[in-house]
Amino acid sequence: MKKLIVEITKELKLVLTGKSLDILLPPIIFLILNSIFTLIIALIGSLIINIVFFVLRIIQKENLFYALGGLVGVILAITLAYVNNNGSNFFLPDIIGTVVLVIVTIVSLFIRKPLAIFVSHITRGWDLEWFFREDVLPAYREVTIFWLFFFIARLSVEVYLYLESTVEELVVANIIMGIPLLITVLTISYIYGIARLRRMGGPGIDEFM
């Protein structure tokens, strides 16, 4: 059990390390500033915090993909919120992002190249050939199906909250459905994936290499 916990912690670090604050802080800053000042100040504050994170990633010579994606997302959110003078639109890019994830996941399953394979390949750097073995692929396909149900459920909740909730409720929901829920989903995926691979009896990546 202790070994499993250590392995899960290591896997979560591969996906989450260094990116949590990039995701969590902007909506919190937006909520605080919007409740104290005006929508414009809240939007500017969110943009500044994202620019700070982007600059830090450059200074630390880290992968700019996530920071750049976050910056572009915030700029889009700010544009939508400003044009419509509606703070709720700040969270519209999250909904669009989830829609994209649902489409990408469905397509990946349809073409028999499950999304979980490429996520695992990118985070671990393992040989793609191993993932497509007949005694490995089913585990990653089933994990991808699990992710698809999660993405659809998340999208349903996001759309409902966007249409029915206040900005404050959207911020709280965005935080809960962010890192905490992501950790839960990744943990379940990892435990299931490991158990499924063992049942199929295929070689581990070290043995395969």
Side-chain angles (χ1 to χ4, degrees), residues 11-12 14-31 34 42-43 46-47 49-50 53-54 63 65-84 86-111 113-123 140-190 192-193:
E11 293 299 316
L12 290 175
L14 283 173
V15 179
L16 300 175
T17 297
K19 304 177 184 68
S20 300
L21 288 178
D22 302 50
I23 299 171
L24 292 175
L25 272 186
I28 295 175
I29 294 296
F30 174 80
L31 174 61
N34 191 50
L43 295 174
S46 300
L47 178 59
I49 194 67
N50 269 272
F53 279 125
F54 184 71
N63 191 327
F65 178 79
Y66 298 98
L68 182 59
L71 184 59
V72 171
V74 167
I75 292 174
L76 175 61
I78 288 173
T79 302
L80 291 171
Y82 178 74
V83 169
N84 295 282
N86 183 356
S88 296
N89 286 337
F90 182 81
F91 301 93
L92 193 56
D94 284 341
I95 298 176
I96 297 173
T98 305
V99 170
V100 172
L101 281 174
V102 169
I103 295 172
V104 169
T105 305
I106 292 174
V107 171
S108 76
L109 289 168
F110 182 75
I111 64 176
K113 296 183 184 295
L115 178 63
I117 285 180
F118 296 96
V119 172
S120 186
H121 169 67
I122 291 171
T123 56
Y140 284 90
R141 180 173 59 240
E142 290 159 18
V143 166
T144 302
I145 292 172
F146 171 63
W147 287 1
L148 177 60
F149 281 113
F150 163 66
F151 293 147
I152 291 174
R154 172 173 173 156
L155 177 61
S156 302
V157 173
E158 286 178 334
V159 170
Y160 173 79
L161 291 174
Y162 177 76
L163 295 175
E164 302 292 337
S165 300
T166 64
V167 173
E168 290 78 9
E169 291 170 334
L170 280 169
V171 171
V172 173
N174 187 67
I175 293 172
I176 293 174
M177 291 191 299
I179 298 300
L181 193 55
L182 178 60
I183 289 175
T184 302
V185 170
L186 290 177
T187 300
I188 295 173
S189 300
Y190 182 76
Y192 176 82

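In what follows, residues are counted from 1 in the order of the sequence shown.
For the pair Ser120 (side chain) and Ala116 (backbone), a donor-acceptor distance under 3.5 Å is absent.
Nearest approach of Phe146 to Ile188, heavy atoms of both residues: CZ-CG2, 3.9 Å. Here the closest non-hydrogen pair linking Tyr140 and Pro114 is O-CB, 3.8 Å.
Residues meeting the side-chain hydrogen bond (donor to acceptor under 3.5 Å, both in side chains) test with Tyr160, sequence neighbours left out: none.
Interatomic distance, Phe150 CZ to Thr98 OG1, rounded to the nearest 0.5 Å: 8.0 Å. Separating the CG atom in Leu163 from the CD1 atom in Ile95 is a distance of 7.5 Å, to the nearest 0.5 Å. How far CH2 of Trp147 is from CZ of Arg154: 13.5 Å, rounded to the nearest 0.5 Å.
A side-chain contact (heavy atoms from CB on, under 4.5 Å) with Val104 is found for exactly one of Leu115, Leu109, Val99, Leu148, namely Leu115.
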